[in-house]
Structures are given as C-alpha cells and as structure tokens.
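Here the structure is laid out as structure tokens; the discussion comes afterwards.
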Amino acid sequence: MRAYIEDIAGHDGQQVTIQGWLHNRRSSGKIHFLILRDGSGFIQAVMSKAAVGDEAFARAGHLSQETALSVTGTVRADARARGGYEIDVVALEVHAESHDYPITPKEHGVDYLLDRRHLWIRSERQVAILRIRHEIIDAVRDFFNGRGFVLCDTPIFTPAACEGTSTLFPVPYFDDATAYLTQSGQLYNEANAMALGRVYAFGPTFRAEKSKTRRHLTEFWMVEPEMAYADLHDVIDLAEGLIGAVVARVLDRRRKELAVLERDVTRLERVTPPFPRITYDEAAALLQEKGLPFQYGTDLGGTDETVLSEHFDRPVCVTHYPASVKAFYMKPDPGQPDKALCVDILAPEGYGEIVGGGQRLDDLDLLLQRITEHGLPQEAFEWYLDLRRYGSVPHGGFGMGIERCVAWICGLEHVRETIPYPRMLYRMYP
RNA sequence: UCCUCAGUAGCUCAAUGGCAGAGCAUCCGGCUGUUAACCGGAGGGUUGUAGGUUCGAGUCCUACCUGAGGAGCCA
C-alpha cells in the first residue's frame with residue numbers, strides 16, 4: 001500500500017511502500033539506516049542484512065544522497081526514532097540514481113546554497129519554511145473569504161509610473177509602449193471595493209529599488225484588502241485580526257515545522273489582539289527618549305523600526321504619520337491636517353514593517369490638489385478620480401508583505417529563505 | 001552610488017612573509033541501533049583576476065571581479 005510519511009502514524013504495524021528520495025544514510029556493518037524523504041516528511045528506514053539478503057544489503061550500502069527510490073516495509077513505532085516511527089525494510093527499488101549531490105549534510109555558505117536553490121529546497125529546514133509559507137497564505141485566504149471579502153486581483157502590467165515614488169521595472173509592451181510591473185494593486189483595489197464592497201488582491205509585487213538588506217526582495221507577494229465605508233479604525237481592526245488569525249493558525253497546524261526551525265513559540269503565543277497602538281508623535285518621543293538620532297517629521301528608518309518593534313512584545317500599530325512622508329492618496333486627519341490617517345504595523349523581535357495602509361482620500365478637490373502637489377500627470381489618474389466623482393465614500397485598506405511575515409513567524413535572519421526562488425538585486429538564478 | 005567584511009581542495013575553513021593543511025563529501029575497508037553516526041586508508045590545489053614590493057607572497061601594496069552585511073533608497 002502506498003503511504004505518505006506524514007500519514008505514517010495511521011499505518012502502524014502495516015506494510016507500506018514509501019516513494020521518495022534518499023536523504024541520508026548511515027551504516028553499521030549488518031544494518032543500514034536510510035533516511036527517506038517524500039516531500040511530506042522524513043522517516044528512518046531500517047534495513048538488516050538478515051531481512052533482505054547479502055546482495056540487496058550490499059547494494060543498499062552504495063546508495064547515494066537523493067537517489068529516487070521506493071521502500072517497502074513494516075511501520076513500527078519506536079521511541080528512538082525522530083517522529084516516533086520507523087520502517088523495517090523488506091524491499092527496496094531504485095528508480096533513478098543520484099551522483100555527487102552538491103548539498104551534503106554539512107555546512108554550506110549562503111552564496112553556494114542560493115546558486116543551488118532548486119536543490120536547497122529539498123532540505124528539511126527549507127521544506128519546513130515553505131510549508132509554513134503555505135499555511136500563512138492559506139490562513140490569509142480563509143480569513144478574508146470567511147468575512148465576506150471577494151478575491152479581485154489587480155493587474156501586473158501597469159500603464160505608467162503612477163505614484164512617482166518608488167522605482168519600477170519597465171517592460172517593453174508592443175510597438176513603442178512601455179509597461180511597468182506593479183508595485184501595488186492599491187489604486188485598482190479602491191475601484192474594486194466600490195464595485196464589490198470588500199475585496200482583496202493577492203499577487204506578486206515588484207520594486208526596482210537597489211535595496212540590499214535582509215528585508216528586501218525585488219519580487220515579493222503582497223495581500224491587499226480594501227473596504228468601502230471604512231475608516232482608519234476599521235482598517236487597523238482588520239489588520240490586527242488578520243495577523244492574530246495567521247499566527248494562531250500556524251501555531252495550531254505547523255508546530256512540527258516551527259520545531260524544525262527551532263522557533264521560540266512563546267514569542268508567537270503572545271501575539272494576540274489587541275496590539276498596542278501609538279501615534280507617530282508618540283513613536284518619535286519614544287525614539288528620542290531612547291537616544292536615537294531620529295529627526296521629527298521624517299519617515300522611520302530601518303533602525304527606528306527595529307528599536308520600536310523590540311520595545312513591544314507583540315506587533316505595534318503606528319498611526320498618524322506626517323502627511324508629507326506618505327502617498328498622495330492618504331486622507332489627512334480632519335483634526336490635524338498635517339497628519340495622515342495611516343497605519344504601519346511593525347512585527348516584534350526587530351522584524352519591522354509588515355503592514356502599511358490607511359484611510360484613502362475620498363474628496364475630489366483635495367485629491368486633485370495632491371496630485372498637482374506631487375507633480376503627477378492628472379490625465380493618468382482620470383479613472384481613479386472617477387471613483388470620487390461617482391459616489392465617493394470613506395474607504396481604506398492595507399497591504400501585508402507575505403515574505404516579511406513568513407520571516408518573522410519562522411524567526412529567519414533574511415527574507416530570501418521565505419520564497420522558493422528569491423529575486424534580489426544581484427541574483428536571478430536559478 | 002557609498003561604507004565594512006570575505007574570496008585557499010567539490011563544501012566549510014586553517015596556515016607569524018619561509019614545505020599547501022584539517023574536517024566533511026567521493027572511493028576502498030571495518031562495525032547489528034545509528035541520529036550531521038563512528039574507526040582506518042586513498043585520491044583530490046593555477047590560494048578570485050592582473051600587476052607590484054621582497055631572496056622568498058595564500059599572507060604586504062594597487063586596481064579590478066564576485067559575493068555577503070549595512071547605508072542611502074524603498075507608501
């Protein structure tokens with residue numbers, strides 16, 4: 001009977017066939033220990049010379065790392081085994097050999113591993129990370145789908161460097177036209193929300209910034225919800241609920257993977273709403289109190305984010321940034337027009353910004369004024385301005401970066417391990 | 001674009017300016033409970049590239065290349 005390693009506990013005492021690859025092998029004269037992996041897990045198969053005969057035993061002694069094989073044997077609970085079960089081998093079939101597999105069970109450098117990312121993802125640690133990534137994405141979808149949000153994706157090709165701030169990737173688009181890879185579905189999301197009420201987009205995002213830090217990729221995934229008839233508090237409540245639900249889901253279903261990563265789960269167990277909410281002014285005071293060379297009125301830098309997020313034991317919501325450091329479409333606070341109704345959520349343990357969003361500017365005249373102030377071409381935004389001409393309502397939303405979220409929940413040093421094939425400033429292979 | 005660090009065997013790393021080394025991987029042999037198994041043996045080198053200093057350079061100097069971390073930048 002074919003069985004997957006993740007289901008092995010349900011086959012105790014039965015004879016099963018595992019189809020997979022040889023992860024590692026140890027040998028002790030008349031007994032081989034074969035560590036198998038099949039994508040769903042890892043398990044130790046025990047092959048004794050007495051059980052399979054001299055010839056088959058000798059052959060198994062030469063199997064190399066990542067040989068594709070099927071192993072048939074009896075499942076047996078064993079306290080000595082990691083995972084609690086082993087397989088006593090009665091037969092072994094090799095499907096394809098593997099010679100000189102480059103990733104040995106010893107240490108390797110980052111550059112070496114990234115050049116072999118297509119093989120690196122076979123390792124136990126990388127499999128754990130990618131399964132947690134899957135769980136996070138699944139939890140995000142369930143969260144929105146269960147709250148009446150409609151998945152409504154936004155285009156990857158966009159017509160112009162719309163917001164005039166971040167650097168975009170240009171792409172030839174027939175004849176003499178140039179398209180740009182999206183840096184955010186934000187503007188289209190607002191149109192979608194006016195059509196469907198509550199929507200979310202979930203797709204890749206591209207930034208051509210020459211950023212070379214542990215928090216940056218040139219291609220990353222972002223989930224962006226947007227709600228009609230919503231204010232800043234609704235946006236913060238939603239983001240808080242999402243983060244709480246995602247962390248709870250991973251803690252509930254991916255304990256094993258977190259253990260592989262040696263993640264301190266007590267730090268994650270504390271991540272329950274409500275999260276602390278502070279204003280930009282309060283954050284600035286806190287930073288100055290801690291003696292950081294922070295200049296009031298500017299955006300928070302990487303160090304500032306790290307210090308702030310380490311000050312709290314759960315994600316912290318920072319609101320009301322100066323309007324001047326935020327995008328043109330942010331709605332100013334009626335009580336203090338120089339501040340924007342925006343929120344950034346900083347993950348704890350120094351992981352920095354994972355969410356950015358706020359309430360959108362819904363007044364036509366003020367939006368026109370902002371477009372002018374930012375030196376943006378009004379004609380490119382006519383469709384966006386239409387949203388204010390035909391039944392404008394208070395609305396808002398946010399974007400959450402999946403890779404930063406995965407890095408935080410997994411406790412990783414760098415976002416490059418959070419996506420199967422990271423795209424970075426100087427790396428596009430494999 | 002700038003700053004810092006690194007580049008030596010397939011991999012991870014040693015080597016005071018004085019014979020190019022170890023562990024792992026590979027191959028051969030040993031071991032019936034191993035957990036990155038262990039023990040013994042063998043093969044494996046244009047020290048990133050190009051110059052320079054020196055009796056002598058992996059080591060010091062210059063330039064370049066490649067990578068890493070950070071800054072700037074990044075709603």
Checklist entry - Could you go step by step and tell me if Phe157(A) and Tyr173(A) meet the ring pair (Phe, Tyr, Trp, His ring centres under 6.0 Å) rule? => result CA-CA 9 Å; Phe157(A) 287 136; Tyr173(A) 197 79; 5.2 Å; yes

Checklist entry - What do the steps show when you test Phe42(A) against Trp21(A) for ring pair (Phe, Tyr, Trp, His ring centres under 6.0 Å), and what is the final call? => result CA-CA 10 Å; Phe42(A) 294 76; Trp21(A) 294 263; over 10 Å; no

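If you check rC31(B), rA71(B), rG33(B) against the side chain of Asp78(A), the one that comes closest is rG33(B). Distance from the side chain of Arg427(A) is smallest for rG67(B) among the nucleotides rG33(B), rG67(B), rU34(B). Among the nucleotides rG72(B), rA68(B), rC31(B), the one closest to the side chain of Ser27(A) is rC31(B). For Ala50(A), counting side-chain heavy atoms from C-beta on, the closest listed nucleotide (rG70(B), rG33(B), rU32(B)) is rU32(B). Taking only side-chain atoms of Glu86(A), from C-beta outward, the nucleotide of rA68(B), rU34(B), rA75(B) with the closest atom is rU34(B). For Gln183(A), whose side chain is taken as the heavy atoms from C-beta onward, the closest listed nucleotide among rA75(B), rU34(B), rU12(B) is rA75(B). Of the candidates rG70(B), rU32(B), rG69(B), the closest approach to any side-chain atom of Lys30(A) belongs to rU32(B).
Phe33(A) comes within 4.0 angstrom of a base, heavy atoms only. Here Gly109(A) lies in heavy-atom contact (under 4.0 Å) with sugar-phosphate atoms only. Using a 4.0 Å heavy-atom cutoff across all strands shown, Arg370(A) reaches no nucleic acid atom at all. The residue Lys210(A) sits close to a base: some heavy atom pair falls under 4.0 Å. Across all strands shown, Gln65(A) has no heavy atoms under 4.0 Å from either base or sugar-phosphate atoms. Heavy atoms of Arg360(A) sit nowhere under 4.0 angstrom from any nucleic acid atom. Counting non-hydrogen atoms under 4.0 angstrom, Asp299(A) reaches nothing in the nucleic acid. Using a 4.0 Å heavy-atom criterion, one finds that Ser64(A) contacts no nucleic acid atom at all.
Between Lys212(A) and rA68(B) there is a side-chain N or O to OP1 or OP2 distance below 4.0 Å. The shortest distance between the side-chain N/O atoms of His414(A) and the OP1/OP2 oxygens of rG69(B) is below 4.0 Å. Dashed line: the shortest gap from a side-chain N or O of Arg214(A) to OP1 or OP2 of rA71(B) is not under 4.0 Å.
Atom OH in Tyr101(A) sits roughly 18 Å away from atom P in rA36(B) (whole-Å rounding). Look at CG on Asp100(A): it is 19 Å from P on rG43(B), rounded to the nearest Å. Remark: P of rA6(B) and CG of Asp111(A) are 16 Å apart, rounded to the nearest angstrom. In this structure, the CG atom of Leu114(A) is 11 Å from the P atom of rG67(B), given to the nearest Å. The CD-P distance, from Gln44(A) to rG33(B), rounds to 13 Å in whole Å. Per the geometry, NE2 belonging to His99(A) stands 18 Å off P belonging to rA25(B), to the nearest Å. rU1(B) atom P lies 15 Å from atom CD of Glu209(A), rounded to whole Å. One interatomic measurement links the two molecules: OH of Tyr426(A) to C1' of rG69(B), which rounds to 13 Å at whole-angstrom precision.
When the nearest nucleotides of RNA chain B are assigned to Val325(A) and Pro105(A) by heavy-atom distance, the more 5′-ward of the two goes with Pro105(A). Comparing Ser28(A) and His62(A) by the nucleotide of RNA chain B whose heavy atom lies nearest to each, the residue mapping closer to the 5' end is His62(A).
Using atom P as the reference point in both rG58(B) and rA50(B), the two lie 13 Å apart (nearest Å). The P atoms of rG67(B) and rU62(B) are separated by 23 Å, rounded to the nearest whole Å. Straight-line distance between the C1' atoms of rG48(B) and rG7(B): roughly 6 Å, to the nearest whole Å. Of the C1' atoms belonging to rA25(B) and rA6(B), the separation is 23 Å, rounded to the nearest Å. Comparing the P positions of rG41(B) and rG17(B) gives an interatomic distance of 32 Å, to the nearest angstrom. For rU1(B) and rG23(B), the P atoms lie 44 Å apart once the distance is rounded to whole Å. Across rG44(B) and rU66(B), the matching C1' atoms stand 25 Å from one another, rounded to whole Å. The gap from the P atom of rA20(B) to that of rU54(B) amounts to 22 Å, rounded to the nearest Å.
Across every strand in view, rU47(B) sits unpaired, with no contact that passes the Watson-Crick or G-U test at under 3.5 angstrom. When both pairing distances are held under 3.5 Å, rU1(B) makes a Watson-Crick or G-U pair with rA71(B). Look at rG33(B): it lacks any Watson-Crick or wobble partner with both distances under 3.5 angstrom. In this structure, rU66(B) and rA6(B) make a Watson-Crick or G-U wobble pair, each of the two defining distances being under 3.5 angstrom. A 3.5 Å limit on both hydrogen-bonding distances identifies rC28(B) as the Watson-Crick or G-U partner of rG40(B). Both distances falling under 3.5 Å, in either a Watson-Crick or a G-U wobble arrangement, place rU12(B) opposite rA22(B).
Test Asp299(A), Thr298(A), Asp344(A) against Tyr321(A) for side-chain hydrogen bond (donor to acceptor under 3.5 Å, both in side chains) and you get one pass: Asp344(A). When each of His320(A), Lys339(A), Gln359(A) is paired with Asp333(A), the side-chain hydrogen bond (donor to acceptor under 3.5 Å, both in side chains) condition holds for His320(A) and for no other. For the salt bridge (charged side-chain N to carboxylate O under 4.0 Å, His left out) with Glu403(A), the lone residue among Arg215(A), Arg133(A), Arg416(A) that qualifies is Arg133(A).
Side-chain contact between Gln126(A) and Arg117(A) is present, with at least one heavy-atom pair separated by less than 4.5 Å. Put simply, the side chain of Tyr101(A) does not reach to within 4.5 Å of the side chain of Ser64(A), judged on heavy atoms.
Side-chain atoms of Thr104(A) and base atoms of rC11(B) include no donor and acceptor less than 3.5 Å apart. A donor-acceptor contact under 3.5 Å is not formed by the side chain of His108(A) with the base of rC11(B).
Remark: aromatic rings of His395(A) and Tyr229(A) are distant, center separation not under 6.0 Å.
To the nearest 0.5 Å, atoms CG (Asn24(A)) and CG (Leu36(A)) are separated by 11.0 Å.
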